[in-house]
Each structure stands twice: as structure tokens, then as C-alpha cells.
Amino acid sequence: MGGAQWKAATTGRGGGPLNEQSWPADSLLGRLSARTRRGLLELGTSVIYDARQHVLRQGEESHHVLVLLDGLVKVVVHTEFGRPVLLDLRSRGDLLGEMSMLEHRRRSADVVTCTTARAKLIMNTQLQMFFDRHPDAWAAMAGSLSSRLHRADVHRAEFVACPAPARVGRVLAEIARAHGVRTPDGWDLDVALTQAEIASLAGVALATFEKALRLLHRSGLVRRKSRRIVVGDLDRLIRFGISDGENPYQYGIGDADVAQS
């Protein structure tokens, strides 16, 4: 397991029993009934991963899945062009590795921890047998996959139709809402991502991202703090991401590569 620590875990964030924790609504655990969730959390082995650790590797055979109990991970694909692409961030309550299980294929991406993470490691056959006994679990997983597919479709449409500064603003707002830490200065994006990785999420080149970030800074929406980004006004940043289709250069950037790349 590449250095994973094996440890029994029955409590979640806040110290209460895992089944009594509040889970994100779009996650697998958040979609399950309390009874089914309790049964799922009794499966497998509890593991703890250090930050910046590979928990799943692209190209490996699939024998198990992970249910993320705490922490943040990133999904990275290594392309044929030699450039890694950050596809998504996944957090507590999410199921990792299910696509390879369903399709009986090798892993299609790396999953790397951004922070210390705790998870349940469950063998594929064990999870499938559990799902067969609990049809609502299949429905919950389908709903979770559908939500991710919808989000991917939205991002693909934005890549074609949305100016780069707006895409950067939307990605920063999305990270702030889902994973940011509220501080007196605003929302601290302490997610252990490089600027190149955030640029990848926004579908822009690093140089374009840096130009857009300078624009957001001049507008008073974000600022940098110890190599991290702090969103000072989340509501304004969300409004900034709403593009005016009649004026793709509304953001004060006239370079075509910044407006559309």
C-alpha cells in the first residue's frame, strides 16, 4: 500500500461514530441511508495515508476501492503528451476506484493525497456482494457518478464558451466553497495544490492563470498568503465568474490567450 498505516477506526471528524457524522450530500456516504451506510462502514480495513502519497496508481490492476473518511485527494491523469492533468478533487464520503471495479479495467488515473487522509480499503468482490444485498447502495453510487459526470460536462462546456478569467474565478470559488478554511481574512485555499494544478482544473495554461490571478488580485477578490491563495470576497468572486456572453473581454484583459485559452 505504499506506506499506508493500518489502523482500526470507528470515529470520524469530531470524534463521533462514523455513521453519525454529517457527510457531503453528493458523496456516496451522504447518499446512503443510515442503515446501509453503517453496513458499508463495517466492511474492509481502515487505513491512514500521509500527505502527498499515491493511494491509487494509473495503469495498475484494480483489486480494491477506497471509501474516503477524511482528508482531500486529487485525481491526476498522465497523458500521452507527457503533461499530467489534474481532473478533480475528492473528499470525505467519496468512493475512489469504482470505475475500474465496474469496467474491470486497469486504473485510469493516479489518486494522490493532498492532506493526511483516512479511508476504508474494501476489496472489489466484497463491495459488489454488499451492493447486491443492498440495491439502494447501487442507486447511491449511480447518483454519485451521475453528479460527477454532470460536473465534468459543465466544465467541458465552460472550456469552450467561457473566458479564461471567468473559468479561473469559478474554479477558485468552487475550491473555496468545498474545501476552503474560513478565516478572518476570507476563505483560505489551504489545499496543497500548486498554481499549475489549479490552472489545470480551470483548463488554462499556467501563464494565463497567473495573469487572471493578477486581475483577481487587482479587483480585490483574492490575495496570496504564504504561497496560498485567500479568497477575500467569495460572493463577489462567484459573481465575477458569471460571464457576459456579449462581451468576452469584460474582465479588462485584451489578450486573446488570456480571454479564451
Side-chain angles (χ1 to χ4, degrees), residues 1-32 37-38 40-60 62-78 84-101 107-124 126-127 140-141 144-145 147-148 151 174-182 187-194 197-198 200-201 227-228:
M1 287 305 298
Q5 303 175 39
W6 303 79
K7 181 179 179 181
T10 58
T11 60
R13 192 164 59 179
L18 284 172
N19 192 50
E20 298 178 8
Q21 298 295 307
S22 175
W23 299 95
D26 279 346
S27 70
L28 175 67
L29 293 183
R31 292 174 180 270
L32 292 174
R37 182 169 57 245
R38 184 183 306 111
L40 178 63
L41 291 171
E42 292 173 352
L43 301 178
T45 304
S46 296
V47 292
I48 299 176
Y49 298 100
D50 294 329
R52 297 181 297 279
Q53 182 175 343
H54 281 75
V55 299
L56 301 176
R57 289 186 180 274
Q58 184 174 339
E60 284 186 343
S62 169
H63 301 292
H64 67 272
V65 299
L66 295 169
V67 179
L68 194 58
L69 304 178
D70 203 4
L72 183 68
V73 302
K74 56 188 177 184
V75 181
V76 181
V77 168
H78 297 275
V85 177
L86 178 58
L87 295 181
D88 200 6
L89 298 174
R90 310 288 293 281
S91 60
R92 58 191 305 271
D94 283 334
L95 181 63
L96 308 173
E98 74 277 26
M99 295 300 293
S100 297
M101 177 191 73
R107 307 285 190 200
S108 60
D110 286 353
V111 177
V112 184
T113 55
C114 298
T115 64
T116 300
R118 299 189 307 128
K120 273 298 189 78
L121 187 154
I122 306 173
M123 302 307 294
N124 290 349
Q126 187 181 24
L127 184 67
M141 183 171 66
S144 180
L145 288 171
S147 177
R148 282 162 45 199
R151 189 166 65 248
E174 184 177 326
I175 294 174
R177 284 186 292 189
H179 312 294
V181 177
R182 188 68 180 267
W187 293 91
D188 192 335
L189 306 192
D190 186 16
V191 291
L193 294 176
T194 66
E197 289 174 326
I198 301 176
S200 179
L201 278 178
R227 297 185 179 181
R228 298 200 301 270

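The structure displayed is predicted, hence computed values, not measured ones. Sequential numbering from 1 along the given sequence is applied to the chain's residues.
Between the CG atom in Leu121 and the CG atom in Leu127 there is a gap of 11.0 Å [rounded to 0.5 Å].
Residues satisfying the side chain to side chain donor-acceptor pair (under 3.5 Å) test with Arg57, not counting sequence neighbours, are none. When the side-chain contact (heavy atoms from CB on, under 4.5 Å) test is applied to Arg52, no partner is found at least two apart in sequence or on another chain. Listed by chain and number, the residues in a side-chain contact (heavy atoms from CB on, under 4.5 Å) with Gln58 are Val77, His78, Asp110 (sequence neighbours excluded). The salt bridge (Lys or Arg N to Asp or Glu O under 4.0 Å) test applied to Arg177 returns no partner, not counting sequence neighbours. With sequence neighbours left out, the side-chain contact (heavy atoms from CB on, under 4.5 Å) criterion links Thr194 to Ala196, Glu197. The side-chain contact (heavy atoms from CB on, under 4.5 Å) search around Thr115 returns Leu72, not counting sequence neighbours.
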Start with the C-alpha gap between Val191 and Ile198, add the side-chain angles, then the distance that decides, and say whether side-chain contact (heavy atoms from CB on, under 4.5 Å) holds.
CA-CA 10 Å; Val191 291; Ile198 301 176; 5.5 Å; no
Do Leu56 and His64 pass the side-chain contact (heavy atoms from CB on, under 4.5 Å) test, and can you show the C-alpha distance, the side-chain angles, and the key distance before you say yes or no?
CA-CA 10 Å; Leu56 301 176; His64 67 272; 3.8 Å; yes
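When every heavy atom of Arg90 is checked against every heavy atom of Leu68, the shortest pair comes out as O-CD2, 3.7 Å.
Between Glu174 and Arg151 the shortest side-chain heavy-atom distance falls below 4.5 Å. Contact annotation: the side chain of Arg37 never approaches that of Gln21 to less than 4.5 Å [non-hydrogen atoms, C-beta and beyond].
Comment: Asp26 engages Arg31 in a salt bridge, judged by a side-chain N to carboxylate O separation of less than 4.0 angstrom.
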